[in-house]
Each structure stands twice: as C-alpha cells, then as structure tokens.
S.K.: 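First, the structure itself, so that you have it in front of you.
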Amino acid sequence: MRAHPKFNGLSPMLIKTMPGLASPHKIIVTGATSIIGYFLLSRLVAAGHEVHAISRDGGKYVGTTSNQLIWHEADISRAGQFPLIHAEALIHLAPLWLLPPLLPVLALQRIKRVIGFGSTSLFSKADSADAGERQIACRLAEAEEAIRRLCDASETNWTVLRPTLVYDCARDKNITRIASFIRRYGFFPLLGKASGLRQPVHADDLAEACLTALEQPSTFNKAYNVSGGETLSYRQMVEKIFTSLGKPARFLTVPPWMFRGAINVMALISDKQGTTLEMAIRMNVDLCFDHTEATLDFGFSPRPFTPHWNDG
C-alpha cells in the first residue's frame, strides 16, 4: 500500500509530539481535502485514530485507503448521500453552513461530538458594503445558531472554531496569491498606508487545535476565535512575504481617492476573479480577534507569521 500523499514530509519528531486523545476513536472528517484537512488527517492517523475522510474528490484517493484512513466519495450538500459510519465524532472542514443539514443524520448515527470550522468573517463582513460578503456573514451566523439548536436537541457536544486569515504557503488563497503576484511582477500594490492589522494563522496550528479540543470538556458547546500568533499591519505582512521570497520589498502605493481605478490592478492578485472594492478598503481596517479563551480552554498557542516556500 503506497503512502498517502498528505503524510509526505511529516517528520518522526513531529509525530511524537502530536497531542493525542485519551484513546483511539473512529472519526469522520468532511471537507477532508481542504487546506486544514491536509494537516489534520496525518495528525489524526498519527494519534492512532481510524479516520473516515469524506470529499467530493474522495474517489481520487481510494487507492490510498488503509486500516486507519478510509476515503469516501460523497456530496455532503445532499444529506442523503452521507455514508453510514458508526463513528464517535465528526470534524467538519467544509463551509459551516453545510453542517446543520447533516446534524439530523449524525444524530441518527448516534455521533455525539462535532467540531466545525467557521470564520471571523462572521464579524468582519457583517457590515460590508458588498452584498455578497454580507451574505457570507449571515450564512455563518445562521449556521452557528442552527448548530447550537440542533446539537442541544440531540445532546451532541459541539465546538465551532473561527479562524482569521488561514495560510500554509501552498494551497491558501491569500498569502500564496500575494506571493505569486510578487514573483510575477516584482512589486505589490497597496492602498494608502495599508495599516490594517492582521493575524495570519497557519493551517497546521488549526489542525493541532482541533485535535487538542476534540475531547476537552471545557470546549464543549462553545465557539472560539482562533487567530494567529502575531499581529502585524497589512504592509508588514506583505514585507515578510517579500523577505521569505528573498526579494526586496517594492510597493506601488495608491492613494485612497484612486480606489476604484486601483481595483483593476488589485484584480491581478486573484487572476481577475473575485477582487472587490471592499477587499481593497480592508487593507486599512483592523481584522484582529482575541484567542485568549482558546488558549485558556485548550492551550491554543499559534506560531508567529512564518511564510515558508517549498519550491522544490
């Protein structure tokens, strides 16, 4: 049986220091091919758990199924497709609003522990001038409320983790896109001073947090903001990306009154897809969230912002 690609490069030292649960469990992971799933699956397996990974792309990985990692191909937006798995817990890495429709199915399967990942966009986009962003915030809020209500009714212990800016320098759509722009053009456009504060959080820190919180009673029936271990301005964040690429920081600073014209430049960051005026404005808006409660309840201790690129 060939090794699962998500385990490649996982050092023995890292495996030895992974926090495990009190005893091995059968755990379902939805959205298993996500950025957090990339790190979580290997941590769960290393901790001795039997992991059932669910994804619409699960069929691509069936050849890597083993005694500890079993892949299932299913569209979880259709609750009727959810496979029958007699598991103890579910970790939901897909969009949070896809979780509430699954909860009645999980209750029938007697799953009594659920962890879901939301986003601090619940707060930061609630008053956005962009209707699409307001809708995302609304869907997150409605999902959290539904999770509380449905889990309370079925006596299921739930936890929601709300990350800030998630990165891994490989699959993320934020830090990696900025780096791609810098590699291609040798500079980066900023709107005004780009003084808005950020707390990038590494996906592996979120995977560790999830594993640690899984059997901590102090986390039951609570939602947590989980931000990165360093607070820095948007400009400082981009400067660190320049440094990590071995390039001098070169910026094209656009004054605020030129916002709308600058959007044409900013669109290049995301290959002209999805860049909005609101995204540009947020360069000068603080998006900081305190994770003290997560630290107190389950020892959440994220690393400082450390972009690292594996170009090999």
Side-chain angles (χ1 to χ4, degrees), residues 5-15 17 33-40 42-43 120 163-209 226-256 258 262-276 279-288 291 301-312:
K6 294 183 184 294
F7 302 158
N8 291 345
L10 195 63
S11 72
M13 182 60 69
L14 176 59
I15 293 175
T17 58
T33 56
S34 67
I35 179 175
I36 300 172
Y38 182 89
F39 298 95
L40 180 62
S42 54
R43 282 185 173 273
T120 52
T164 49
L165 182 68
V166 183
Y167 75 99
D168 72 341
C169 298
R171 290 156 291 274
D172 66 86
K173 296 180 181 180
N174 298 294
I175 303 304
T176 297
R177 283 185 174 179
I178 293 173
S180 296
F181 186 98
I182 291 170
R183 284 191 179 105
R184 183 174 181 180
Y185 297 104
F187 74 98
F188 191 79
L190 296 178
L191 298 184
K193 295 181 179 180
S195 59
L197 298 180
R198 295 293 185 272
Q199 297 164 308
V201 59
H202 199 284
D204 191 34
D205 291 337
L206 297 173
E208 181 179 6
V226 280
S227 50
E230 181 178 11
T231 300
L232 64 171
S233 71
Y234 193 99
R235 182 186 181 101
Q236 290 172 329
M237 182 181 75
V238 179
E239 284 176 346
K240 276 203 167 188
I241 297 172
F242 271 105
T243 300
S244 70
L245 295 171
K247 296 179 179 294
R250 293 192 176 98
F251 295 107
L252 172 63
T253 302
V254 181
M258 291 181 62
I263 289 301
N264 293 328
V265 176
M266 292 302 302
L268 294 172
I269 301 171
S270 55
D271 298 325
K272 299 185 180 181
Q273 296 179 359
T275 300
T276 68
M279 293 179 186
I281 291 173
R282 278 198 294 272
M283 281 190 187
N284 292 283
V285 175
D286 293 346
L287 301 178
C288 292
H291 60 248
S301 181
R303 72 195 71 180
F305 180 50
T306 52
H308 175 74
W309 314 96
N310 182 7
D311 295 322

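Atom set for the values below is all heavy atoms of this structure, side chains included, hydrogens, waters and symmetry mates excluded. This one's a predicted model, so the numbers in the text were calculated from it and none came from an experiment.
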S.K.: Run through Phe251, Phe181, Phe188 and flag the one making a ring-ring contact (aromatic ring centres under 6.0 Å, His included) with Phe242.
M.R.: Phe251
S.K.: Working to the nearest 0.5 Å, report the span between CG of Leu232 and CZ of Arg198.
M.R.: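 Reported to 0.5 Å precision, the distance equals 9.5 Å.
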S.K.: Which heavy-atom pair separates Val166 from Asp172 by the least distance, and what is that distance?
M.R.: O-CB, 3.6 Å
S.K.: Taking Asp286 for the side chain and Gly196 for the main chain, is one N or O donor matched with an acceptor at less than 3.5 Å?
M.R.: no
S.K.: Could you tell me which residues satisfy ring pair (Phe, Tyr, Trp, His ring centres under 6.0 Å) with Phe305, sequence neighbours excluded, listed by chain and number?
M.R.: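 Here the qualifying residues are Tyr167.
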S.K.: Is Asp205 reaching over with its side chain to a backbone N or O of Gly228, donor-acceptor style, under 3.5 angstrom?
M.R.: no
S.K.: Applying side chain to side chain contact (heavy atoms under 4.5 Å, CB included) between Met237 and each of Asn174, Thr231, Leu197, Ile175, report the one that passes.
M.R.: Ile175
S.K.: For Arg250, look at atom CZ and say whether over 12 heavy atoms of other residues, nucleotides or ligands are found less than 6.0 Å away.
M.R.: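 At most 12 heavy atoms, drawn from other residues, nucleotides or ligands, come within 6.0 Å of this atom.
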S.K.: For a 4.5 angstrom cut-off between non-hydrogen side-chain atoms, does Val238 reach Ile182?
M.R.: yes
S.K.: Distance-only, no hydrogens or angles: does the Thr164 side chain make a donor-acceptor pair with backbone N or O of Gln199 under 3.5 Å?
M.R.: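 Checking the backbone N and O of Gln199 against the side chain of Thr164, a donor-acceptor pair under 3.5 Å is found.
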S.K.: Is a donor on one side and an acceptor on the other found under 3.5 Å between the side chain of Thr253 and the backbone of Leu190?
M.R.: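 Such a contact is absent between Thr253 side chain and Leu190 backbone.
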S.K.: Decide yes or no for Gln236 and Glu230: does some side-chain heavy atom of the first lie under 4.5 Å from some side-chain heavy atom of the second?
M.R.: no
S.K.: Between Ile35 and Ala203, what is the shortest heavy-atom contact and its length?
M.R.: CG1-CB, 3.7 Å
S.K.: Between Pro307 and Leu245, is there a side-chain heavy-atom distance shorter than 4.5 Å?
M.R.: no
